[in-house]
Amino acid sequence: MASALSPSYRNSNSTGQGVFRYLDWVTALIYLALVIFGVISIYAASYDFDNASIFSFSEFSGKQITWICCAFFIGLVILLSDSRIYETYAYPIYFAILLLLLVTIFVAPDTKGSRSWLVFGPVSLQPAEFAKFATALALAKLFSTYNFSLNASMNNYVKALLIIFVPVLLIMAQKETGSALVYLSLFFVLYREGMSGLILGAALFAVVIFVVAIKYASEPLLGMPAGEFACLILIMILLVSMLAAYVKDAFITRNVLLWFVGTALVEWILSLFDWHLMGYAFFGTVLGVAFAYCLFELLRQRTSKLLITLVAFVVSIGFMMSVGLVFNKMMQPHQQKRIKVVLGIVDDPRGDSFNVNQSKIAIGSGGATGKGFLKGTQTKLKYVPEQHTDFIFCTIGEEEGFVGTSAVILLFLALILRVISLAERQPTAFGRVYAYCVASYLIFHFCINIGMVIGICPVIGIPLPFFSYGGSSLWGFTILLFILLRIDAARASRVTH
Amino acid sequence: MAQSFNLCFPDMRKDYRLEKRKYVIGGFILVIAVIYVVRLFGLQITEDKYKTYADNNAFLKKTVYPSRGLIYDRNDSLVVYNQPAYDVMMIPRDVHDFDTIGFCNTLQITPELLRERLRQMRQSPSYSSYTPQTLLSHLSAQDYGRLQEKLYRYPGFFIQKRVLRQYNIHSSGNLMGNIREVSQRDIDNDPYYEPGDYCGDLGIEKSYDTFLRGEKGKEILIRDVRGRIRGRYEDGAHDIAPVSGRDLKLSIDIGLQQYAESLMVNKVGAVVAIEPSTGEILCLVSSPTYDPCTLIGRERGKNYAALVDDHVKPLFDRALQGAYPPGSTFKPTQGLILLQEGIITLNTAYPCSRGYVNAGLRVGCHGHASPLTLKPALETSCNAFFCWGLKAMIDRSGKYGSTDNAFEVWKKHLVSMGYGYKLGVDLPHEGRGFIPNAKFYNKVYGEGHWSANSIISVAIGQGEILATPLQIANLCATIANRGWYITPHVVKEISDTVIDIQYRTRKRPTIDAKWYDHVAQGMRMAVTGGTCKKANLGNIDIEVAGKTGTAQNPHGRDHSAFIGFAPYKEPKIAVCVYVENGGFGATYGVPIGSLVIEKYLTGHIDPSRKGMEQSMLTSNTMATSGVKKH
């Protein structure tokens, strides 16, 4: 296959000449809007009352303009390049970047505890940002293998996961956990390419169980923590809904549902006579009987779906039991605290939640239309930390108000949905998988960055694409997006011929 | 070819079942976007607390203190004024290791003191490492200058300008009052105050605090997260300029005040002088007094504690709060009541056989002609006359129906003359004295079991009767005016406003004005030929009227009292002198009173009376009397 895709097959359509004709201008314009909006925000965020000059290279906005010019140049080079070199050299690029990541661990100076920056004189680069497109290319390349199907063999899963997790491990070794977590978003790609939805569902359910169990761990209910009580109810709902929607066996569903509802009613009636059952004994009995019944049905029917359901049921209970242990014993105190702050269990306005509180204040004080360009007090006066990088969204919130923040969210939503639609119109698995990788990264950055700034997600230090100050992030995302645009333009030109 | 076919149309492999999953992924991001927009709507539009938080964060609303009003005396001489002082403040969070020795040397304090102050500061309930804390207060201008030069070396420290009071006099502490830092109670009671503010304490500073303090201004500064000031918000467009406090012009003649104080040196008691026609207090002396300057600045706490512990109780304002038996200075009130009630006429004469003797009761008197009418009775201060008069009034149940009713009428007249209740002087902590009512005696003796004889000593200002020197002086002013008074007050004018209406309104007791002149005549006779001949200023053509008082004191030597006014025809000054344990009224009361009158009316003391002045300036009653007993 490799020889079939070698550059010697190049024809005039796949070179850059027709690229502007077939360029997806919608994406390009959204990109341009985000970058311009971004540099204005950086200017506002780093605006100093005393002395300000937009073209001063000591200012963040001045430097960012330089980065943007470079990014445009990089984008142009990519558009003018041959669309097929990316597929051809996907693996070499991937391995080169892996090597760079590895080298970075050893040569990078220690900055705030992380070793992820390569310093070249006045310019610092973060290889982790460039590993994104390389990993996307490698993954796309893997999926574009002839007749590749994720579910065909376990080996394919292993290969895909290896491509994803090698950079994750290397970046974690650089102590850049936030950047490493970004790669988990590639599970969206695996899902799109055939991975069972159960895995995504299970991950979502695990998060819900984790949050509920931790958040309500200290309130007692029927002799057990309210968190565990709620989790067990959720698990009961999970069992019934899986029996109904996944196993699709009305008979078993009905029996289990009747058993759950019946026992709950008995418990409720008993409680009216002030006769309370102990929580653990009650749930132990109810869930035990349900499990025994399902096991009995499984032995009778022997369907894999029922087995999976039952396994999910048991694993959920086990997971719930171990949440407390994992949280209290295995997590670092500062990690525990961050999670507790986000879940609203503890409040520490001068400590961990200071940043989030300040960013909420900055955004909240913006009101509907904001305080006006350069008129934000919270961000100007450095109440908001990292205001030109990870917390850039605050400046928009404070100065442009709800109008500005909604506009940014709509721009990102439009970009992501556009990338998904580009993905689906790709004729090749390579193009499609690559596009989904781009969408996944964008989804993750968008959700986590804005989520943390408005106090919904824990603080994970990752930038807001195109907005946050910094050359590496901007160049990384520009490369990511423009390779997609180049591949897409090649598709269009090929289709028309 | 098959290969290239696959290359050109690889979407043959496309799985349309899987393509539907784009809706799951697209739906996911759509739901997240909706959640975020809803959340932002909540943060930015529904909630408005964040706006307040942001303002509190970024705006340092710095109070600009107005300058406190100045205080002048009635002759426009400046008595109380302001002087800048400097507090060393620190924001503990911003203070890093600093050159402690250099710092101490600059301020000329010992490192131990600095350590001690830092310890105290941390233990204060209002301590916070984020807000300015007072490290040292009231630096002198020299220390301030030295520190200001080197301040750049000590990040986290700054200097706050304050205003201290300065006094041109070194006495009259109770009258002038002082200023102190507000307490939590002050803050709770008056929304004007914020922690760290100063408010008036005692005296004029307290009662006129709302005029003197002015209105605080606000300066809105922009502050960053480290508390550093980054400039003025919109160039001060929203700043509020402070309004200076109003100046006061006192009715006090500070020269007279200090003269009276000098006469009262080493004596315990009070001197109150009033201008009868206006009710303006010319001097208000409580002795012993103290220097208001001791209650300024860093030493205030220590000095105040010393004043509290002082056994002569200088903080107790005897002129306003002292409740003394008025003694014979009370007799004019009795004459007025008896005349008003028709118990006596100007020709009614009562016998005096060296005292009042009735039903086994004897109230002693001294030798003089007998029987005698009201004016000679006032002239000679005859006890018997007023005892008979009271008996005639109280025991004549026919007119009033009962002893109780008769006594209530008697009491009502006294209250109308300003006794028994606060007069309403414009100073804090005025005392009310005591005038008993019928109920009081019913409780003591049982209902119907008391008569004039049971309470006979009230007729001569003894027994249960208690009055403040201010009330006694007010009586004198009322007699000087022949039947009316204006509530005594110490502030004559307030800049840009008028004084309270009650200090401009004549009050008339329930005694007809016509009777007053007769009483005044009796008092004039006391000066010309009676008990207070020492007060006679005939040689300098001033007609003085007066009345002595010698109040019996069960705890020790009698109290010496005097009331007097002059000139007799157009009175300019009415004075009351009360010297604890001073003996006869003529011993201290009359000389001091007459000297005060002479000094006020002529501006100097006649050589013929220099000896008397000298003896007053040097005499000492504190050494010989048990002042503690009071």
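Note that these values count all heavy atoms, side chains included, but never hydrogens, waters or copies made by symmetry. As the structure is a prediction and not an experimental result, all values here were calculated from the model.
Heavy atoms of Leu40(B) lying under 4.5 Å from chain A belong to its backbone as well as its side chain. With a threshold of 4.5 angstrom between heavy atoms, Leu413(A) approaches chain B through side-chain atoms but not through N, CA, C or O.
Ring geometry for Phe402(A) versus Phe41(B): interplanar angle over 60°, hence perpendicular rather than tilted (30 to 60°).
The shortest distance between side-chain heavy atoms of Tyr36(B) and Thr405(A) does not fall below 4.5 Å. In this structure the side chain of Ile25(B) reaches within 4.5 angstrom of the side chain of Tyr436(A), judged on heavy atoms. Here the side chains of Arg192(A) and Glu19(B) are in contact, with some heavy-atom distance below 4.5 Å.
Under the 3.5 Å distance criterion, the side-chain polar atoms of Arg39(B) are left unmatched by any main-chain donor or acceptor of Ile456(A). Remark: side-chain polar atoms of Gln44(B) are paired, donor with acceptor, to backbone N or O of Ile363(A) under 3.5 angstrom. Side-chain N or O atoms of Glu424(A) include none that pairs as donor or acceptor with a backbone N or O of Lys22(B) at under 3.5 Å.
Here Ile409(A) is the residue among Ile416(A), Leu200(A), Ile409(A) with the most heavy-atom pairs under 4.5 Å with chain B. Highest contact tally toward chain A, considering only Ile35(B), Leu43(B), Ile32(B), is held by Leu43(B) [criterion: heavy-atom pairs under 4.5 Å]. Of the listed residues (Cys447(A), Gly197(A), Gly366(A)), the greatest number of heavy-atom pairs within a distance under 4.5 Å of chain B belongs to Cys447(A).
For OH of Tyr23(B), the number of neighbouring non-hydrogen atoms (other residues, nucleotides, ligands) closer than 6.0 Å is 12 at most.
If you take CD1 on Ile29(B) and CZ on Phe444(A), they are separated by 12.0 Å, rounding to the nearest 0.5 Å.
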